[in-house]
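In what follows, a structure is listed as structure tokens, so that the remarks can point back to it.
Basis for what follows: all heavy atoms, side chains included, without hydrogens, waters or symmetry-related copies. Numbered from 1 within each chain, the chains take letters A, B, ... in sequence-line order.
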Number of protein chains: 2
Amino acid sequence: MKAEIAEILRRNQLSITECRTKILELFQQAAGALSHADIEKKTHNHFDRVTIYRSLQTFVEKGIIHTIPTSDNSVRYALCKDECSEGHHHDNHVHFICDVCGITYCLDNTLTPEVILPQGFEQNRADLILSGTCNKCSQ
Amino acid sequence: MKAEIAEILRRNQLSITECRTKILELFQQAAGALSHADIEKKTHNHFDRVTIYRSLQTFVEKGIIHTIPTSDNSVRYALCKDECSEGHHHDNHVHFICDVCGITYCLDNTLTPEVILPQGFEQNRADLILSGTCNKCSQ
DNA sequence: GTAACTGCAAAATATTTGCATCCTT
DNA sequence: AAGGATGCAAATATTTTGCAGTTAC
């Protein structure tokens, strides 16, 4: 795990630091997406708020994580698949946000369906966000 | 126009005030979705920031407008179709955000495709957000 | 007249920037 | 040793809350 994380950082020309390693570890362990606040909580204020902001920014720029659109204000992030590269994401999978527990799931095996756009519109990225009740909360 | 707006407010048991009328007018005129900041700018600070926040909140609660998820932080709103009612939105249409001009389009005639969810997941709402270049900017 | 709405002040929260120091390579 | 990364302080932006005064009905 740690070795894999180090490899990700190295591949992206990023220094291997405690904060970055820990954040990526959290993403690997997480059931779903994480917000800045989630990470702050899970690291128990061991790292500065600002450092976490900057780490997340860097990871997004490098294509290691991606943001997930949400209808409320909150910004959440999830690990990209390997195919993602700097500046170009292939995260056209579906996200499911549970209204009960708040967990954001990446439904990796469900691809975003194609849509026919009006004349002149050129699509670059697609995000399908579903919400409702997840399998744990629907019981 | 004004009469129609008054009717919307009346139907939702809301007082007909200058601020609310103006905001709904802006939504009717807008090519796409509007953010809080857009409205503040277009009303030229004639109304208090807080009043605009509260108006938008009220409109969302009543099902007059709905929020649109965006991958950046910004919260944007657009008019709901008539079928929307309090607490239950039928805004399962597609939104297109232009990376160039920033306008958010509601593609009313394009419905969100159905997706098969894993066992135990119950869907309540679906948002398909596309981004790229709109017909005006692609020329 | 009364309840609903607004505006102002201020608090709470979220995000960004600058800079000195520390750590990775 | 040098450049990148971090932590702290502080600035900026965003959103929420309380309350007194005003307006719609």
Side-chain angles (χ1 to χ4, degrees), chain A residues 2-3 5-26 33-62 64-65 67-77 86 102 104, chain B residues 2-3 5-26 33-62 64-77 86 102:
Chain A
K2 284 246 181 183
I5 288 170
E7 173 52 26
I8 292 172
L9 292 172
R10 204 172 295 120
R11 188 166 55 229
N12 287 281
Q13 286 110 42
L14 296 174
S15 305
I16 297 166
T17 65
E18 195 194 345
C19 181
R20 286 172 177 170
T21 305
K22 184 65 190 165
I23 291 177
L24 289 181
E25 231 175 279
L26 288 177
L34 299 174
S35 67
H36 177 274
D38 290 334
I39 292 166
E40 222 180 344
K41 207 173 299 167
K42 282 174 190 278
T43 54
H44 235 257
N45 294 317
H46 183 196
F47 304 106
D48 194 83
R49 220 180 304 111
V50 178
T51 305
I52 298 174
Y53 274 117
R54 286 196 269 229
S55 298
L56 291 171
Q57 234 169 262
T58 305
F59 291 163
V60 170
E61 281 163 17
K62 292 291 188 178
I64 300 170
I65 62 176
T67 59
I68 299 170
T70 50
S71 34
D72 63 336
N73 196 16
S74 69
V75 190
R76 304 194 207 185
Y77 306 86
E86 192 160 349
T104 302
Chain B
K2 284 246 180 183
I5 288 170
E7 173 53 26
I8 292 171
L9 292 172
R10 204 171 296 120
R11 189 167 54 229
N12 287 282
Q13 287 110 42
L14 297 174
S15 303
I16 298 166
T17 65
E18 193 195 345
C19 181
R20 285 172 178 171
T21 305
K22 184 65 189 165
I23 291 176
L24 289 182
E25 231 175 279
L26 288 177
L34 298 174
S35 66
H36 177 274
D38 291 334
I39 293 166
E40 222 179 345
K41 207 172 298 167
K42 281 173 191 278
T43 54
H44 235 258
N45 295 316
H46 184 195
F47 304 107
D48 194 83
R49 220 182 302 111
V50 177
T51 305
I52 297 174
Y53 273 116
R54 286 196 269 227
S55 298
L56 291 171
Q57 235 170 263
T58 304
F59 291 162
V60 170
E61 281 163 16
K62 292 292 188 178
I64 301 171
I65 61 176
H66 62 270
T67 59
I68 299 170
T70 50
S71 34
D72 61 337
N73 196 16
S74 68
V75 189
R76 305 194 206 184
Y77 306 86
E86 193 159 351

Nearest-Å distance, CG (B/Leu56) to C1' (D/dT16)? 14 Å
Identify the pairs formed between an N or O of the protein and an N or O of nucleotides 22-25 of chain D at a distance under 3.5 Å, and give each distance.
from	atom 1	to	atom 2	distance (Å)
D/dC25	OP1	B/Ile16	N	3.2

Taking five pairs at each end, how big is the angle between the two axes of the helix from C/dG1-D/dC25 to C/dT25-D/dA1, to 10°? 40°
Is any side-chain heavy atom of A/Asp38 closer than 4.5 Å to one of A/Ser35? yes
Heavy-atom distance under 4.5 Å between the side chains of A/Leu56 and A/Val75, does that happen here? no
Quickly work out the B/Arg10 CZ to C/dA4 P distance and round it to whole Å. 18 Å
List for me each residue that meets salt bridge (charged side-chain N to carboxylate O under 4.0 Å, His left out) alongside A/Glu18, sequence neighbours excluded, and say none if there are none. none
Using whole Å, what does the distance between atom P of nucleotide D/dG3 and atom CZ of A/Arg54 come to? 19 Å
Separation between CG (B/Leu9) and OG1 (B/Thr17), nearest 0.5 Å, reads 7.0 Å
Any side-chain to backbone donor/acceptor pair from A/Asp48 onto A/Val50? Under 3.5 Å, distance only. yes
If every non-hydrogen atom of B/Asn12 is compared with every non-hydrogen atom of B/Ile8, which pair is closest and at what distance? ND2-O, 2.8 Å
A/Gln57 side-chain N/O to C/dT16 phosphate OP1/OP2 under 4.0 Å: yes
Would you please confirm or rule out a distance under 4.0 Å between OP1 or OP2 of D/dA5 and any side-chain N or O of A/Arg20? yes
Measure from CD on A/Gln13 to P on D/dG3 and round the result to the nearest Å. 17 Å
Separation of A/Ile23 atom CD1 from D/dA5 atom P, in whole Å? 13 Å
Applying side-chain contact (heavy atoms from CB on, under 4.5 Å), name anything that partners B/Gln57, two or more places apart in sequence or on another chain. B/Glu61
Could you work out, with salt bridge (charged side-chain N to carboxylate O under 4.0 Å, His left out) as the rule, every residue matching A/Arg49, not counting sequence neighbours? A/Glu40
Measure the spacing between NE2 of B/His36 and CD1 of B/Ile23 and express it to the nearest 0.5 Å. 8.0 Å
Sorted by number, residues from residues 45-53 of chain A placing a heavy atom under 4.0 Å from DNA chain C are A/Arg49, A/Val50, A/Tyr53
Take atom NZ of B/Lys41 and atom C1' of D/dA13, then tell me their distance rounded to the nearest Å. 14 Å
Check the distance between C/dT24's P and A/Ile5's CD1 and give it to me in whole angstrom. 16 Å
